[in-house]
Amino acid sequence: YKALGNAAKRTIRVLASEAEQARKLVEQFAKGLPDLEEIAKDKNKLEDFLRGEEEYASYALDVRRKLWNDFVSKTENLLLTEIDLSGADLSAFNFSRMHIIRVDFAVANLTGASFLKSTIISAKFSQTNLEGADFRATRFKDDILVGEMVHVKAHKINFQGAIIESNLL
């Protein structure tokens with residue numbers, strides 16, 4: 001350290017100070033992460049979290065996606081019912097092994113989203129981007145594919161093993 005010039009020493013002090021501030025911000029952020037177990041119990045808070053609105057507007061999409069996907073990987077048979085996710089960016093979100101009932105995904109971005117082994121009842125997917133979405137072994141009930149899945153982008157969508165139960169087909 002003695003061999004360094006004043007400019008180098010000043011740079012080291014500035015960098016050390018910046019690193020300390022960054023560490024404090026990370027600690028503060030980590031303490032303030034939302035508890036998805038609690039959020040999932042309240043339909044309105046869950047909708048706000050997934051949409052990135054209200055008290056969750058400050059969380060970046062990547063942060064919400066990571067928190068959600070981690071939560072889903074530890075939770076079985078989560079129920080999503082009667083929430084409005086229309087127009088939301090839910091790209092690469094995990095909706096696997098869920099019961100999804102009357103959820104509005106119209107005009108949403110679900111690029112690369114996973115619905116693997118889910119049950120979907122009366123959901124709306126009109127004008128939704130489903131490119132690369134995974135619906136393998138998903139059970140569809142009611143009239144989802146007749147009238148509710150219109151004008152979707154479905155390039156590379158995977159319906160392998162999907163079960164479609166509809167009175168209209």
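What you see is a predicted model; the values in this text were computed from it and never measured. Only this structure's heavy atoms are used, side chains among them; waters, hydrogens and symmetry mates stay out.
Cluster annotation: Val63 is connected to Trp68 through the hydrophobic network of ILVMFWY side chains, with a link wherever side-chain heavy atoms come within less than 4.5 Å. Tyr59 and Leu85 fall within the same hydrophobic cluster, defined by Ile, Leu, Val, Met, Phe, Trp and Tyr side-chain heavy atoms under 4.5 Å apart, directly or through other members. Taken together through direct or relayed side-chain contacts under 4.5 Å among Ile, Leu, Val, Met, Phe, Trp and Tyr, Leu80 and Val107 form parts of separate hydrophobic clusters.
Asp89 contributes a side-chain N or O that, together with a main-chain N or O of Ser91, makes up a donor-acceptor pair within less than 3.5 Å. At least one donor-acceptor pair under 3.5 Å links the side chain of Thr11 to the backbone N or O of Ala7. A distance-only check finds a donor-acceptor pair linking the side chain of Ser118 to the backbone of Phe95 [under 3.5 Å].
If you take CG on Leu36 and CG on Leu46, they are separated by 8.0 Å, rounding to the nearest 0.5 Å. Thr138 OG1 to Arg136 CZ: the interatomic distance, rounded to the nearest 0.5 Å, is 9.0 Å. Rounding to the nearest 0.5 Å gives a distance of 8.5 Å between CD1 of Ile39 and CZ of Phe71. We find the CG-CG distance between Leu90 and Asn129 to be 11.5 Å, quoted to the nearest 0.5 Å.
Partners of Asp42 by side chain to side chain donor-acceptor pair (under 3.5 Å), not counting sequence neighbours: none found. In this structure Glu38 satisfies the side chain to side chain donor-acceptor pair (under 3.5 Å) test together with Lys41, sequence neighbours excluded. Residues meeting the salt bridge (Lys or Arg N to Asp or Glu O under 4.0 Å) test with Arg64, sequence neighbours left out: none. Applying the side chain to side chain contact (heavy atoms under 4.5 Å, CB included) criterion to Ser96, with sequence neighbours excluded, gives Asn94, Ser114, Leu116. Residues passing the salt bridge (Lys or Arg N to Asp or Glu O under 4.0 Å) test with Lys74: none are found, sequence neighbours excluded. Residues meeting the side chain to side chain contact (heavy atoms under 4.5 Å, CB included) test with Asp84, sequence neighbours left out: Glu47, Arg51, Ser86, Asp104. Annotation: side chain to side chain donor-acceptor pair (under 3.5 Å) contacts of Glu82 (sequence neighbours excluded): Arg102. Here Lys66 pairs with Asp70 under the salt bridge (Lys or Arg N to Asp or Glu O under 4.0 Å) rule; sequence neighbours left out. By the side chain to side chain contact (heavy atoms under 4.5 Å, CB included) test, Leu79 is found to be paired with Thr81, His99, Ile101, residues two or more places apart in sequence or in another chain being considered. A search for side chain to side chain contact (heavy atoms under 4.5 Å, CB included) contacts involving Glu54 returns Asp48, not counting sequence neighbours. For Asp62, the salt bridge (Lys or Arg N to Asp or Glu O under 4.0 Å) partners two or more places apart in sequence, or in a different chain, are Arg65. Residues that satisfy the side chain to side chain donor-acceptor pair (under 3.5 Å) test with Asn44, not counting sequence neighbours, are absent from this structure.
The aromatic ring centroids of Phe115 and Phe105 lie less than 6.0 Å from each other.
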Residue pair Ile12, Leu4: steps toward the side-chain contact (heavy atoms from CB on, under 4.5 Å) verdict: CA-CA 10 Å; Ile12 290 172; Leu4 297 174; 3.4 Å; yes
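Contact record, Leu78 with Ala40: CD1-CB, 4.3 Å, taken as the closest heavy-atom pair. Of all heavy-atom pairs between Leu50 and Phe93, the closest is CD2-CE2, 3.8 Å.
Between Lys45 and Tyr56, the closest side-chain pair of non-hydrogen atoms falls below 4.5 Å.
For CG of Asp35, the number of neighbouring non-hydrogen atoms (other residues, nucleotides, ligands) closer than 6.0 Å is greater than 12.
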